[in-house]
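Structure first, commentary second.
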Number of protein chains: 2
Amino acid sequence: MKITINDVAKLAGVSIKTVSRVMNNEPSVRKDTFDKVTAAMKQLQYQPNTAARNLASSRSYSIGYVYDNPNAYYVIEMQRGMLDACRKHHYELIIHPTNAQSPEIVQEVLELVERSRLAGLVLTPPFSEMPHLAEALTEKEVAFVRIISGSTPSPKLSNCVLVDDFTAAFKITNHLLELGHTDIAFLGGDEEHSSSGERQAGFEAALIKRGLKAKPEWVVAGRYSFESGVARAKALMSAENKPSAIFACNDEIAAGALFSARLMNISIPDQLAIAGFENSPFSRQTWPPLTTAHQPNSTIAQYAAELLFKCSKKTHNKADVKQQTVFIPELLVRESTSSVT
Amino acid sequence: MKITINDVAKLAGVSIKTVSRVMNNEPSVRKDTFDKVTAAMKQLQYQPNTAARNLASSRSYSIGYVYDNPNAYYVIEMQRGMLDACRKHHYELIIHPTNAQSPEIVQEVLELVERSRLAGLVLTPPFSEMPHLAEALTEKEVAFVRIISGSTPSPKLSNCVLVDDFTAAFKITNHLLELGHTDIAFLGGDEEHSSSGERQAGFEAALIKRGLKAKPEWVVAGRYSFESGVARAKALMSAENKPSAIFACNDEIAAGALFSARLMNISIPDQLAIAGFENSPFSRQTWPPLTTAHQPNSTIAQYAAELLFKCSKKTHNKADVKQQTVFIPELLVRESTSSVT
DNA sequence: AAAAATTTGGCCAGCGCTGTCATATACAGC
DNA sequence: GCTGTATATGACAGCGCTGGCCAAATTTTT
């Protein structure tokens, strides 16, 4: 319960300093020394005292995840991805759900970083879309990585992981077009989220490419919720002019639309095809299961965390890491658009 | 960026030690000293350095939450409750999702505790229902609190927070009985979870109290899933002898049952009343919304964390805290059982 | 074989706080 | 008032590790 670096040093027959060097992956350590020390650590089941390391090095071996997202599945998956990365690099993850609306949000985040001496932060929408937060963090020299919706890297988006909602929406729309649908409605999500706009743009681009145009009355704004899907689908399918397919901005909306269609005795997918977005568990719990776009959330989160480690590390190479990687959600065809079992 | 306890001490005109006392809520501090120090801390926006505190006190100001639960909402709510408690007491929460099936789970948990020098652990099912884990933790003198399904405190269940599924299920069943239903079916959840058994027992007890008996063919085992609800309700409602009400073991099952009923053109709640359990967001997203039992998950979690702080604290009173508090989920009547708007 | 480069050890300060114990101050009672 | 007890505060060492620095040991190069 109290094996110290000293014990390891003795067993390995080296100095404390060398053990410390091994732990911190410092360059000038010979291979066999490294192995000796590693073996000793394993044999003793040595667990370095995180607190002591943090204190002495005045940097912490933990990163923070700040979020405010009502979608529990999303959050859980992001956490999982970051935790995977953390475990690999012997970091800790500090989760910090909070209210994005709070006027003192910047202050709050800075305090969090300071108190826990975080090595960096991962931000998801809406925090990743707050310019003032990014500025404040940059000014205080806090490392951070943002996960945002976008398709085109730009110098402004430093240290971002982009999720290409545009292309994914394009693909889904294309799938519907290929099935022969031309009368496609779009059910949007919360307008504050840029993801909704990106998806709409992808939808419209796909239509345009086929020489079609989105009917204004079939592009319906709303919220990212089941109820919103129910209501809008009902209105849409009660009108004179009905679409033959619906592209919903996320799975919840799609499930709502599906629900409405059921009530109206509209058979899916024969009379109406419905596609969602996200590949949430929700999309598998409907009947028929929803065609959707698979967002590899945990992979994205893991990647973001890894990126953060690179930025925050005392890497000797001067060039800061200003990478921007783009993830494209994959099309996932299920029975809600095509009856091929 | 680097206000230390020293700065606070100077500003408040006291010694470092006294500031430390204030931070740790130690008893022997006069009121006015306390106020002076508190004011100084606020003025300087002082953030104690967690690492230093951990090191000096050789105990960490963080607790761990070990879980393996597919229900994201549940996990998120538990996290939120624990975080609330943690923030109040200036603790950190380390989340540790893992695979409950792993044969080395005990070892893994012990390592986690050691590495992060956790002050204690909160366990939810299935971890809270593993006797060997509890034993190992007790032996290693790791403080822990278990959240489990149960109604009767017993010496074996030391440091447990009990969720009285039995009574809650009793109440729901009673509600159905009071509406005049006598033909009530029960759709169970995964049998490995003790919660399912507790709920079934509550259901049967309520019937017996009215001189009724559960029909064996109406007590149907299954899984805690939407699909399982769909299938079982369909079977139930296709039989010769149909129940007039269904008590589903959780909201997902209930939503599935609701879905089936819709497909079969059975009107809810007139021809069939349906009740769920959990008050998940799910239960509000169906139409009609589900009558259910509200499990105050975040409150329970918060309470569990507070209990843990008490156990792990250097409380001078010898008597260990072996409390057992029982939370009873509340009946929440919605339109799926009673059309009264 | 000498010079140069690499690897390792020794030493010490100190990260920012808490535990222990000693001291100072308050509040009794007579 | 004064001693006695309870309470409030302070001084100091040290938690386990890292960083900096230089010297010593070892290996590699010329």
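Letters go in sequence order (proteins before strands), and every chain restarts at 1.
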> What nucleic acid atoms does B:L55 come within less than 4.0 Å of, heavy atoms only: base, sugar-phosphate, or nothing?
Replying inline: base
>> Students often get this wrong, so: under 4.0 angstrom with heavy atoms, is B:S58 touching a base, only sugar-phosphate, or nothing?
In response: nothing
Please check the phosphate of [N] (OP1 and OP2 only) for any side-chain N or O of [X] closer than 4.0 Å.
X     : N      : answer
B:Y46 : C:dG16 : no
B:S57 : D:dC15 : no
A:N24 : D:dT18 : yes
A:R53 : D:dC17 : no

>> If you only use heavy atoms from C-beta on, which nucleotide in D:dA8, C:dC17, D:dC17 is closest to the side chain of B:R30?
In response: D:dA8
>> From the set C:dT18, C:dG19, D:dC17, return the single nucleotide nearest to any side-chain atom of B:E26.
In response: C:dG19
>> Near DNA chain D, counting only heavy atoms under 4.0 Å, which residues of residues 8-21 of chain B show up?
In response: B:V14, B:S15, B:K17, B:T18, B:R21
[X] [atom1] - [N] [atom2] separation (whole Å):
X      : N      : atom1 : atom2 : value
A:F34  : C:dT6  : CZ    : C1'   : 18 Å
B:M23  : C:dC17 : CE    : C1'   : 7 Å
B:N49  : C:dG16 : CG    : C1'   : 6 Å
A:N25  : D:dC17 : CG    : P     : 17 Å
B:Q47  : C:dC15 : CD    : C1'   : 18 Å
A:I5   : D:dT18 : CD1   : P     : 5 Å
B:R117 : C:dT18 : CZ    : C1'   : 16 Å
A:N6   : D:dT18 : CG    : C1'   : 14 Å

Main-chain N/O of [Y] paired to [X] side chain as donor or acceptor, under 3.5 Å:
X     : Y     : answer
B:D84 : B:G81 : no
A:N99 : A:D68 : no
A:N24 : A:E26 : no

> Want to settle it: does B:A52 or B:D32 sit nearer the 5' end of DNA chain D, counting the closest nucleotide to each?
Replying inline: B:D32
> If every non-hydrogen atom of B:V19 is compared with every non-hydrogen atom of B:I5, which pair is closest and at what distance?
Replying inline: CG1-CG1, 3.5 Å
>> Is a donor from one side chain sitting under 3.5 angstrom from an acceptor on the other, for A:E92 and A:T50?
In response: no
> So, for A:F327 and A:Y303, is the gap between ring centers shorter than 6.0 Å?
Replying inline: yes
>> Can you tell me which residue among B:Y67, B:Y65, B:Y74 is in a side chain to side chain donor-acceptor pair (under 3.5 Å) with B:Q79?
In response: B:Y67
